[in-house]
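Because the structure is a prediction, the values reported are computed rather than measured.
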Amino acid sequence: KELGVLEDALAGFQEKEHACREAERKLFMLRKSLDELRITKKHSEDISARDLRLAKEASELLGKVPCGSEYHRMCPLLISAVKAQESIPAIMARLQASGETPSRENELQREIGFLEPRVLELTELQRRMKEAVSKRQSISRELAEAEAQGRKAGELATHLPEVIFAESI
């Protein structure tokens, strides 16, 4: 009877272990996605910072030329400096937006936070499963020994009439 209960418990453990392994795999993929997202974000921030620095350097030329600012748009030598100056607000907005935590990053962190405890259950589950397997093996050995003793007792019981007869003489 106890062996049947253990078999059922082991089947339940195996299902839970499968679910934990699946959670472990998903957790790995989520962490990888989060790392990739952060790397991409960092790269984008670095590029935007570089673009801002270059735009500011190019727009400094506008303050160094002696002609008035009304001629900047018409001068072919200053066109790139004017475009650089006009691009600064957009680059700064891009930098500011990249500094905010995007919803995808928050979503990944939430999912990771949900899965981590489930994966930690795996260690405890494996320990309990080893105990159950050990107990099952012990019960199986005891059962085999009891069956062997039962067979031997059955063999001896077949000789019982002869022993009784011999003792009566």
Kindly give the cluster partners of Leu95, where membership spreads through any ILVMFWY side chain lying under 4.5 Å from a current member.
Leu52, Ile88, Ile91, Met92
Do the side chains of Ile47 and Arg50 get nearer than 4.5 Å, heavy atoms only?
yes
Would you call Glu147 and Lys152 a side-chain contact if the rule is heavy atoms closer than 4.5 Å?
no
How close do Ala84 and Ser59 get, counting heavy atoms only, and between which atoms?
CB-N, 4.3 Å
Arg94/Glu45 under side-chain contact (heavy atoms from CB on, under 4.5 Å): CA gap, chis, key distance, verdict
CA-CA 8 Å; Arg94 211 171 53 217; Glu45 288 172 355; over 6 Å; no
Distance-only, no hydrogens or angles: does the Ser44 side chain make a donor-acceptor pair with backbone N or O of Thr40 under 3.5 Å?
no
Donor-acceptor check, side chain of Ser138 to backbone of Ser134, threshold 3.5 angstrom: yes or no?
no
Verify side-chain contact (heavy atoms from CB on, under 4.5 Å) between Ile39 and Glu36, making sure each step is shown before the conclusion.
CA-CA 5 Å; Ile39 288 169; Glu36 289 171 356; 5.7 Å; no
What distance do Met29 atom CE and Leu115 atom CG have between them, rounded to the nearest 0.5 Å?
13.0 Å
Charged N-O contact under 4.0 Å between Lys42 and Asp46
yes
Is the closest side-chain heavy-atom distance between His18 and Arg21 below 4.5 Å?
no
Would you mind checking if Glu86 and Lys83 are paired as a salt bridge, meaning a charged N to carboxylate O distance below 4.0 Å?
no
Whether Glu60 and Lys56 form a salt bridge (side-chain N of Lys/Arg under 4.0 Å from carboxylate O of Asp/Glu) is what I want to check.
no
From Gln137 atom CD to Arg141 atom CZ, the distance as rounded to the nearest 0.5 Å
6.5 Å
Say you draw a straight line from NZ of Lys135 to OG of Ser140; how long is it, rounded to the nearest 0.5 Å?
12.5 Å
Side chains of Leu30 and Gln109: closer than 4.5 Å at any heavy-atom pair?
no
Path from Leu37 to Phe28 over hydrophobic side-chain contacts below 4.5 Å
no
About how many Å separate CG of Leu108 and CZ of Arg38, when rounded to the nearest 0.5 Å?
9.0 Å
Test: Glu116 and Arg31 ion pair at under 4.0 Å
yes
Under 4.0 Å between a side-chain nitrogen and a carboxylate oxygen: does that hold for Arg110 and Glu107?
no
Pairwise side-chain contact, Lys41 with Glu105, heavy-atom cut-off 4.5 Å (strictly under):
yes
